[in-house]
Amino acid sequence: MSTEPWVTAEQVSLHLGVAKDTVYRWRERKALPAHKVGRLWKFQLSEVDEWVRAGGADEHQNSGNEQ
């Protein structure tokens, strides 16, 4: 059984075609699934893809923190 690798914010940004800063902003403001490993944030692309498909990256949805 193979397990899905953990990836960095930079790898998520390349996967989604967005800036790395956007990945961190989505994690903070829009609940992009991430897991803290030591001092680093790690992601699983299957969780990220599911979040995107569920509308998490929709620009019109926000948590009220965005200006």
Side-chain angles (χ1 to χ4, degrees):
M1 178 172 139
S2 70
T3 58
E4 182 178 353
W6 295 97
V7 299
T8 65
E10 184 171 356
Q11 291 168 303
V12 172
S13 73
L14 292 171
H15 178 71
L16 296 177
V18 299
K20 185 168 73 169
D21 289 344
T22 299
V23 172
Y24 284 118
R25 187 170 52 253
W26 284 347
R27 181 194 56 79
E28 291 174 9
R29 298 180 183 173
K30 294 188 170 221
L32 174 66
H35 306 271
K36 195 154 190 184
V37 179
R39 292 178 27 209
L40 304 174
W41 286 99
K42 295 293 185 170
F43 305 82
Q44 289 194 317
L45 293 179
S46 64
E47 292 179 351
V48 170
D49 289 342
E50 185 178 323
W51 177 82
V52 169
R53 286 187 187 101
D58 187 347
E59 216 174 277
H60 299 292
Q61 283 187 288
N62 67 47
S63 61
N65 296 343
E66 296 185 73
Q67 298 175 351

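None of these values were measured; they are calculated from a predicted model. Atom set for the values below is all heavy atoms of this structure, side chains included, hydrogens, waters and symmetry mates excluded.
Put simply, CD on E47 and NZ on K42 are 14.0 Å apart, with the number rounded to the nearest 0.5 Å.
Heavy atoms only, all atoms of each residue included: G56 and K30 are closest at O-CD, 3.5 Å.
In this structure a side-chain-to-backbone donor-acceptor pair under 3.5 Å is missing from Q44 to V7.
Within the structure, ring-ring contact (aromatic ring centres under 6.0 Å, His included) pairs that include any residue of residues 26-48 comprise W6-H35, W26-W51 (at least two apart or interchain).
Side-chain contacts under 4.5 Å among hydrophobic residues (ILVMFWY), followed directly or transitively, place V37 with no other residue at all.
Applying the side-chain hydrogen bond (donor to acceptor under 3.5 Å, both in side chains) criterion to E50, with sequence neighbours excluded, gives no partner residue.
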Let me check something: any side-chain donor-acceptor pairs from residues 10-17 under 3.5 Å, sequence neighbours excluded? List them with distances.
unit_1 : atom_1 : unit_2 : atom_2 : d
Q11    : OE1    : T8     : N      : 2.7
Q11    : OE1    : T8     : OG1    : 3.2
S13    : OG     : E10    : O      : 2.6
H15    : NE2    : D49    : OD1    : 2.8
H15    : NE2    : D49    : OD2    : 3.4

